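Heads up, the thing below is written out as structure tokens.
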Amino acid sequence: MTHPSLFEPVQFGRLALANRIVMAPLTRNRSPGAVPGPLAATYYTQRATAGLLITEATAISHQAQGYSDVPGLYAPEQLAAWRGVTDSVHAAGGRIVVQLWHVGRVSHTDLQPLGGAPVAPSAITARTKTVLIRDGVPAFVDTSAPRALSADEIPGIVEDYRRAAKAAVEVAGFDGVEIHGANGYLLDQFLKTGANKRTDAYGGSIENRARLMLEVTRAVIDAVGDAGRVGIRLSPVTPANDIVDADPAPLFDHLMRALGPLGLAYVHLIEGATGGPRDLPDRPFDYTAARAAWRQAGGQGAWMVNNGYTRSLAEQALADGADLIAFGRPFISNPDLVRRLRDHAPLQEGDRTTYYGGGAAGYTDYPALDLSA
Ligand code: 8OZ
């Protein structure tokens, strides 16, 4: 079986990567006041041997916030803190893009401007939890009832993406941005029938439901100035955050054909249930057909796949036509994951109790393999 090596350099768009292993975005809730904390540069730099680091999901505006202590990209002190992270990663030879996030209805009034309702395509509450950190202790709480965005608010949301993307590359020093179009957050809410009951130009038909995601993608490309620095993350069938679409195959066929000509650096697919089973018997999806649609429509960037990969599954995926493999949880507890995969070294197990919130424990204290041993 011949396939490209996981461990050799490769370039997609403007992203020149040392290998095909990507650190997936991972929410860590260590950014009080939405400002990346003092350990963030260490955390990302420890993992800089990944071909590409994708940051934890990062709010494009205050309204976009849905969890306690997640970072933002909308205030000068947030951008300055991110600059410290990107400078440190670059000094270590790494590449890093920031994931642009608007949670939509997956939020809580405690986190919203003036304690208002979270915003959504339609006023339908997500049956899911968010994380509020109270007195330093993370608690999972029900999301608040959202209000439907009015049509005249939508240009402002596109503008928030544009502003955040521009600041990400021009001020914070990122190599690019990833649009978070997955996991039941705002753009995925607009896409899918379970959350979008609108009757205007942003609801109803597939074309209408995909409109916001495509407008955001074009605005972000324009803001960054180069589609080769932009990627997008999608999760066609994940049930995460109570999201569902009645008929994902034609929806994603349309989306892939619309994204194909835009020149994106990559499309990042979560296969199956985010952080869960790759195969969902009640939600089948043909990822190969989605990739073929994107390629046919001119997509030349990387096809990045994610969810539960091991080295052998990753090599199988490369043989089957994937270009980049994103690893999530293994990167939390294995800062030197690339080396461990290359050397077939054992992986350390992560401590789930320190995934969300806290300090150095479970964040920057996982050791790399001892090179002298
Ligand atoms: C885990 C906890 C909080 C947020 C996602 C941004 O699923 C997230 C997330 C994951 O994309």
Side-chain angles (χ1 to χ4, degrees), residues 22-32 34 36 40 43-44 53-61 63-73 97-108 110-111 118 126-134 137-144 161 164 177-192 195 213 216 231-244 267-278 280 304-308 326-333 350-358 362-363:
V22 176
M23 178 175 164
L26 293 158
T27 290
R28 305 304 311 272
N29 305 79
R30 284 167 168 84
S31 302
Y43 167 71
Y44 284 108
L53 303 172
I54 304 170
T55 71
E56 62 208 277
T58 300
I60 59 164
S61 65
Q63 182 196 69
Q65 293 276 1
Y67 300 78
S68 285
D69 296 356
V70 296
L73 265 178
V97 299
V98 64
Q99 195 193 41
L100 304 179
W101 196 23
H102 192 310
V103 296
R105 66 180 183 165
V106 184
S107 187
H108 191 279
D110 279 13
L111 300 165
R127 286 160 300 175
T128 188
K129 307 270 184 194
T130 181
V131 180
L132 293 184
I133 297 178
R134 288 167 167 156
V137 183
F140 288 87
V141 298
D142 289 340
T143 55
S144 303
Y161 276 97
V177 301
E178 173 175 294
I179 297 162
H180 194 341
N183 294 348
Y185 297 114
L186 184 72
L187 299 177
D188 205 25
Q189 290 159 29
F190 268 84
L191 270 189
K192 293 180 180 169
M213 182 176 279
V216 164
I232 189 166
R233 194 177 208 214
L234 303 169
S235 55
V237 290
T238 191
N241 292 312
D242 194 26
I243 200 71
V244 67
V267 178
H268 181 180
L269 271 289
I270 300 170
E271 299 162 331
T274 312
R278 294 176 48 79
L280 302 175
M304 184 193 297
V305 294
N306 169 247
N307 203 13
F327 292 80
R329 285 165 294 180
F331 259 115
I332 290 180
S333 46
D351 172 7
R352 285 164 188 273
T353 66
T354 51
Y355 279 2
Y356 308 119
Y363 188 50

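The structure presented is a predicted model; accordingly, all values stated were derived computationally and were not measured. Counting convention: from 1, in listed order, for ligands and their atoms alike.
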Item to check | For N183, the ligand 1 atoms whose distance to one of its heavy atoms is below 4.0 Å | outcome: 5 (C), 7 (O), 11 (O)
Checklist entry - In terms of atom number and element, which parts of ligand 1 are under 4.0 angstrom from non-hydrogen atoms of Y356? => result 1 (C), 2 (C)
Item to check | Gap separating the CZ atom of F140 from the OH atom of Y67, nearest 0.5 angstrom | outcome: 9.0 Å
Next on the checklist: With the threshold set at under 4.0 angstrom, would you say Y355 reaches ligand 1 through any of its heavy atoms?
Outcome noted: no
Item to check | Heavy-atom closest contact (Q65 atom, A34 atom, distance) | outcome: NE2-CB, 3.4 Å
Item to check | Check: T128/D242 side-chain N/O donor and acceptor closer than 3.5 Å | outcome: no
Checklist outcome for this item: In this structure, CD1 of I243 is separated from NZ of K192 (nearest 0.5 Å) by 6.0 Å
Checklist entry - Near A57, which atoms of ligand 1 are under 4.0 Å from a heavy atom of that residue? => result 6 (C)
Checklist entry - Which residue supplies the protein heavy atom nearest to atom 8 (C) of ligand 1, what is that atom called, and how far is it? => result Y185 OH, 3.3 Å
Checklist entry - Should N183 and R233 count as side-chain neighbours, where that means a heavy-atom distance under 4.5 Å? => result yes
Item to check | Proximal atoms of ligand 1 relative to H180 (non-hydrogen, under 4.0 Å) | outcome: 5 (C), 6 (C), 11 (O)
